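These numbers come from a predicted model, not from an experiment. All values below were derived from every heavy atom in this structure, side-chain atoms included, with hydrogens, water molecules and symmetry-related copies excluded.
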Amino acid sequence: GGSYELYNLPRQVNGQVSDSAQARRGAGSCAIWTGRNRFAVLDKAAQQILIKDLTNQTTKTIKPPVTVEAIFNAPGSQILLSTATSVVLFDVQTRQVVSEINAAPVKYVVWSSDMSTVALLCKHTITLANKQLDQLCQVHETIRIKSAMWDASGVLLYTTLNHIKFALPRGDSGIVRTIDNPIYLVRVQGGDLHCLDREGSVNVIKIDPTEYRFKLALQHRNYEEVVSIIRNSNLVGQSIIAYLQKNGYPEIALHFVRDDTARFELALECGNMDIALETAKAIDTPAYWNKFSQEALRRGHIQMVELAYQRTKAYDKLSFLYSITGNTEKLVKMQKIAIMRNDLQSRLQNSLFIGDVEDRVRVLQESGQHALAYLTAKSHGLVEEAESIRAGAGVEEANITSADVAGGSKLLLPTTPVISSTELDWPQLHVSKGIFDGKFNFGDKGAGPHPGKSRVADLATAAVDGDDAAGAWDIDEGENMGVDDEEGFGGAGADEVDLLGDEVEAGAEGGWGIDDDGELDAEIAAEATAAAAAGFVAPQPGISELEVWSRNSTLAVDQIAAGNFEQAMRLLRDQVGIASFDALKPAFMEIYTSSRSVLTTAPFATPSRIPLRRNPAESTEASQYFPAKIYSLSSSLEQLQQGYRATTAAKFEDGLVLFKRLLLSLIFVSVDTAEDANEIKQLLQICREYILGITIELERASVAKEEATEENSVRLVELAAFFTHCQLRADHEKLSLRAAMNTAYKHKCFKAAGEFAQRLLDLVPTPQIADKARKMITICDRQSRDNLAINYDARNPFVICAASHTPIHRGEPAVNCPYCQAAYKPEHNGELCRVCTVAKIGAKATGLRSLASAN
C-alpha cells in the first residue's frame, strides 16, 4: 500500500505559493529522487523499483536482487535497499549490488552534507558507515530513536525521548542536553539546533557543542583546536579526564588535574618523569616512591632511582644499584652507614660488593661465627687475624681440620668497573616542547615542568657525593658512632640542602640564582642551566601495532588478536547474540597467542614479541596493518570434509564434535571477497543442519535402547522421519531415508514407509537399493495406513525445534538463534542455543561480519 504526490513548483516564488496546481499521484511504498529529473518508486507488493520522470511516466522497471522493505537515496545513480536483515547499496544504471551492510530494519537514512557518511536509523540502533557502506561504528539505545541530523563538522546529533545526543564516526557518543518533550531535528548550525515538536511548531534550541568538538578534534589530531577549546571553555571534569586517559591522551589529561595522586599516575603513564618526581615529593609516601623507582628504573633514570631508594631507605637496593653501576665510592659510604646502623647483614653484603675481606672477617666475628671468620681469614691469607680469632676462641691449632685452601681455588673479588661515570642515566631522545606544554596555568600544581625546577636540580639535592643531608638517610647526628662527620653522611640536619640554591631568578638569561653560602661546581652548573633553558620533555611512546590493529578493523577476530577482548565480546554480542563465551575461550587464546612471534635476544633480557601481519608485503601504511589470519576458509573446508567422513562412517559422536568445532570457528574466519563471505554463510547452514540431524539420530539410538513401548515406538518413527528433513548431502540423505523407511516399516507405519521409499527413488540410488524401494512401495500401497499415531505430515511444511525435536509448522510462532538460525518454539526464548551452545535464543543481532575488505 501507500501513495505519493508529485508537485511542480515555480522557479521563482513571490509571496505564497498557490495550491491550485494539479498534483500527479501514484501508488508506491516509497518514493525518492535519484536525479534532477527522475525519481524512483518502490512497488513493495510486486517487488519492483519504478524509475519515473517529471511527468510521472515510468521510464524503467528494475527487479531488485533482494526482498526490499524500503528504499532510500544515495550518492550518484545509487540507491539504498533496506531488507529485513541488511541494507544494500544498489546501482540503478548497472543494476548491480555495490556493497551490503548488516543492519536491523532501517526506518530512516541520514546522509552528511558532503554525502561521505551515512547514518542508518533503526528502532534502537544507529549504524554509521561511509558511502561504500563500510561500517564505522554502531550506537545502541534502550529507548526509541526519534530523529538524527549531521553537524557541519561531521558529528551526528540524534534525539531520543528525553535527550539530545551525539555520535562520532569512531564510536564515541554522549549526551548534549536533556529535553522535556520529544523533538525532531531539521538542521544543526553551530550552537543552534532547528527542530520540530509534536505539534509541528518550529523551534530553535541552544546547545553546547564543546564536548563533541573537543573529542572530534582529538580524533582528527587537530591539537590547535584542542588548545583553543581548553583555553576558551570550562571543559574540566572527571569524565573528560577519564576519557583522555582511556583513549591514550594522558599528556593532555595531565593539564587538567590538580590532585597530586592523579597527576602522579598520569605522569607515569605518559612518561613525564619530571612531574612524576615532583608529585612523588609532594605525596612523600613509601608506596608512591616504590612505584616511582620501578618506572624510573625501567626508563633508565638511574639518578631518580637512587633518589627514590634514599627516600624509602632501601639500603640493600641502593647497595646493589651502586654495585651494578660500578660506583665503588658510594659503596664504601654505604658500608659506613651500615656500621652506623649496626646492621651486620648489610655490612656483610657491602663487604662482599666492595671486596673488603678484613671487614667481612670482623662482621663474622662480631656475629659469633668464629669458625667462618677463622676460615675466611685463613683462606685469604690473613694469618695474624686468623691466629687472633683462634686464640680468642680458645681452640688449639692441632684440633682444627680442613682449614687449608683447596688446590685450584681462586680469590673471589668483585670486578672492577670498566667505565666509571657520574652520569649514569640512559641516553634520552631530545624533543622540543609539545603543543600543550606551557600553554596552561592552573596554579602551583599546574601542568608541565616549572622554569628552574629541572631534574638535575632535584637530583643535586639528594646526591650522595659529599656532605649531604643526613635526614634523607635517617641518620641521627646526636649518636656517637665513632665516625667523623666529614667521613660519614651527617652534618646537614633533617632538611635537604639544595646545592643549586632555594630560588632561581626568572630573568637570569639562562643562569641560576646562587646564594652566597657556597659555590657550585662549574660543570654541574652548566649542565643544570642547559637543561632548564631547553625545557625538553621526555619522548612519548608511539602507538603499538596492536592498537593500530584495533583501530583499523571492526572484525571481532582482529580485536582478539590485538588483545582487545572486551571490544571483541561486545561486537559478537551485537552481531550474533553471543551470551556465553566459555566455549570460545580456547579460540580467543589461540588467536591472541598465534598472532605474534617471540624472539629471544640476550639470556636475561625480556623476549621481543613481534606482531604477525596479514599482508606484510602490501602493508606500506599503518592504515593497512591487520593481524595474520589464524582461521581460514580453506581450513574450514578441510574440517567440513572430516565431518562428512565421520558421518558417512556412522561415527555420529565424532561427527557432532567436528561440526560443532567448525560452527564455532566460523565466528573467527575473515575473508576478502563477497563470494567467500557467502561460502561462510553456506558453511554455517551446513553445520547447523548436520548438528541438528546428528543430535536427532543420537536421540533415536538412545530411545531404541529403552523398553519397547508404544510411546517409544512412536518416538522412534518420528525421529527417523525428522532426520530426513535435515538439509544433508545427497548420499547422507539417502542413508537417512533408508533408515527411516526400515524403521517405519518395522513399526507398521506403512504410509510413512512408502513416502520415504518414494523420496529415496527420487534421489536416483543404486539399482539394488532402487529395487528394494520399489518393492517397499508396492507392499505399503496395499496397506496404506499407519498403525501408530505419529506427529509427522510430510505435506505440511515445517521446521524442526532444535530443543524438543518436534515440528514447528508454517504459521506457528517460532524464535531463532541469532548466530546459527536454528528454530525453536517460543518457550525456549532466552535460553542458550542447543546447536551452537553460545548464542541466546531470540536475541536481536545485526549478523555475522566476516568480510575483511569491509574495514
Side-chain angles (χ1 to χ4, degrees), residues 583 586 635-666 682-708 711-747 749 752-753 756-757 759-760 763 765-766 769 772 790-792 798-808 817 819-824 828 832-839:
S635 63
S636 300
L637 294 175
E638 292 177 1
Q639 292 185 54
L640 178 64
Q641 292 299 327
Q642 296 176 8
Y644 280 157
R645 286 194 290 267
T647 305
T648 303
K651 298 178 180 179
F652 294 117
E653 291 83 359
D654 296 342
L656 183 62
V657 172
L658 290 170
F659 280 111
K660 282 193 173 182
R661 185 185 304 162
L662 174 58
L663 181 63
L664 295 181
S665 69
L666 292 177
Q682 295 175 12
L683 280 174
L684 195 149
Q685 297 173 2
I686 292 172
C687 291
R688 178 194 66 220
E689 294 298 321
Y690 269 85
I691 292 172
L692 178 60
I694 291 175
T695 52
I696 291 174
E697 181 61 20
L698 291 176
E699 182 182 351
R700 187 180 72 87
S702 177
V703 174
K705 296 178 182 179
E706 298 178 1
E707 184 180 354
E711 181 181 358
N712 287 343
S713 299
V714 170
R715 188 59 177 160
L716 281 173
V717 178
E718 290 177 349
L719 291 172
F722 297 153
F723 191 18
T724 65
H725 287 267
C726 296
Q727 303 299 317
L728 309 180
R729 203 171 63 175
D731 55 339
H732 297 151
E733 186 177 359
K734 293 176 185 178
L735 292 172
S736 67
L737 286 169
R738 290 173 60 187
M741 180 180 68
N742 295 336
T743 302
Y745 181 79
K746 178 181 178 181
H747 292 86
C749 293
F756 297 142
R759 289 174 57 193
L760 182 59
L763 295 177
T766 61
I769 297 175
K772 184 176 180 180
I790 58 175
N791 182 19
Y792 172 73
F798 66 90
V799 293
I800 304 169
C801 175
S804 61
H805 295 163
T806 55
I808 306 174
C817 169
Y819 172 49
C820 66
Q821 298 301 314
Y824 293 89
H828 300 290
L832 279 181
C833 175
R834 306 298 200 280
V835 176
C836 65
T837 69
V838 293

Contacts of H828 meeting ring pair (Phe, Tyr, Trp, His ring centres under 6.0 Å) (sequence neighbours excluded), chain-then-number -> none

* Asked: So does Q641 have more than 12 non-hydrogen atoms from other groups sitting under 6.0 Å from CD?
  -> yes

Residue pairs meeting side-chain hydrogen bond (donor to acceptor under 3.5 Å, both in side chains), one or both in residues 726-739, sequence neighbours left out, come to T648-H732, Y690-H732, R729-D731

For a 4.5 angstrom cut-off between non-hydrogen side-chain atoms, does L663 reach L684? yes

Here the side-chain hydrogen bond (donor to acceptor under 3.5 Å, both in side chains) pairs for residues 650-662, sequence neighbours left out, are none

Residues pairing under salt bridge (Lys or Arg N to Asp or Glu O under 4.0 Å) where one sits in residues 689-703, two or more places apart or in two chains, turn out to be E697-R700, E699-R715

If we count only N and O atoms by modelled type, under 3.5 Å, do the side chains of R834 and T695 hold a donor and an acceptor together?
no

For F798, does the CZ atom sit with more than 12 other heavy atoms under 6.0 Å from it, leaving out its own atoms? yes

By ring pair (Phe, Tyr, Trp, His ring centres under 6.0 Å), Y824 pairs with (sequence neighbours left out) none

One should read off an interatomic distance between N742 CG and K772 NZ, to the nearest 0.5 angstrom, of 4.5 Å

Sorted by chain and residue number, the side chain to side chain contact (heavy atoms under 4.5 Å, CB included) partners of L683 (sequence neighbours excluded) come out as L633, S636, L637, L640, L666

Heavy-atom side-chain contact between Y792 and P807 under 4.5 Å | no

